[in-house]
Amino acid sequence: MKKIFDLALLIGLFLGLEAKSQNFDLEMYCAKIQEHTDKINGSKSYKSPTSNPIVFNRYPKKDGHIYMIELKKVTKYKSAGNGITITFDNGQKIERKNRVAIRINDNTEFEHFTMFKLTPEEIELFKNHLVTEYQLHRLTFSIDNPKKYQAYMKCIDKI
């Protein structure tokens, strides 16, 4: 009986530590969210770190918020055109026919960039599933550490 109690206690401790670890990770990501206060009207907007290839933005509006996503990637290849696809671990996709802008940076590399508004359903998709890859026109990129993008969306949504 004591062995069962000890085992149950160990499992409980492990699960408690795991939950604290997940909360700590979320708090770590939330601390990286940038806040901007408009000097004229005092409204606040929020942005996940811009050093990432996926950046989430939340802007105020009269009846709530607007959520935007920026997708970007620097490559040695130019792929000008329309079409964006974001793929998730459950097989769902977000697809847009938006234009992918391109500019040449100081290292003579091509910077691909696009930005668009997210629907409430797409916001939930980011909060509940992991991004596996995204495509900008014809170039497809895998995602390193997809949990951070899920965390950033959860953080921006709860602010």
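Looking only at side-chain heavy atoms (C-beta outward), F88 and N128 stay at 4.5 Å or farther from each other. Contact annotation: the side chain of I86 approaches that of F126 to within less than 4.5 Å [non-hydrogen atoms, C-beta and beyond]. Under the 4.5 Å side-chain criterion, counting only non-hydrogen atoms from C-beta, L71 is not in contact with F113. Counting only heavy atoms from C-beta outward, the side chains of P53 and Y149 approach each other to under 4.5 Å. No side-chain heavy atom of N82 sits less than 4.5 Å from a side-chain heavy atom of N98. Side-chain contact between I143 and Y134 is present, with heavy atoms from C-beta onward closer than 4.5 Å.
Taken from NE2 in H36 to OG in S43, the straight-line distance is 7.5 Å, to the nearest 0.5 Å. For the atom pair OG of S48 and CD1 of I69, the computed distance is 8.5 Å after rounding to the nearest 0.5 Å. One finds the CG atom of D157 at 7.0 Å from the CZ atom of R58 (value rounded to the nearest 0.5 Å). Considering NZ of K93 and CD of Q135, their distance stands at 8.0 Å, rounded to 0.5 Å. Going from atom CG of D38 over to atom NZ of K44 covers 11.0 Å, rounded to the nearest 0.5 Å.
Counting heavy-atom neighbours within 6.0 Å of N105 CG, excluding the residue itself, gives a total above 12. Around the NZ atom of K61, the shell of radius 6.0 Å holds more than 12 heavy atoms that belong to other residues, nucleotides or ligands.
Put simply, the residue from T114, N52, N57 that forms a side-chain hydrogen bond (donor to acceptor under 3.5 Å, both in side chains) with E70 is N57.
Under the 3.5 Å distance criterion, the side-chain polar atoms of E111 are left unmatched by any main-chain donor or acceptor of I102. H112 places a side-chain N or O within 3.5 Å of a backbone atom of S79 that can act as its donor or acceptor partner. Looking only at distances, no side-chain donor or acceptor of R96 sits under 3.5 Å from a matching main-chain atom of M115. Using a distance-only test at 3.5 Å, with no hydrogens or angles considered, a donor-acceptor pair links the side chain of T132 to the main chain of T87. A donor-acceptor contact shorter than 3.5 Å is absent between the side chain of H129 and the backbone of D89.
Annotation for M153 and Y67: closest pair SD-CD2, 4.2 Å, computed over non-hydrogen atoms. Closest non-hydrogen pair, E122 versus T119, comes out as OE1-N, 2.9 Å. Scanning all heavy atoms of the two residues, the minimum distance from Y152 to F56 falls at CB-CD1, 4.0 Å. Here the closest non-hydrogen pair linking C30 and K158 is SG-CE, 3.8 Å. Among all heavy-atom pairs drawn from K154 and L26, the shortest one is CB-CD1, 4.1 Å.
Both F141 and V100 belong to a single network of hydrophobic side chains, linked directly or stepwise wherever heavy atoms of I, L, V, M, F, W or Y lie under 4.5 Å apart.
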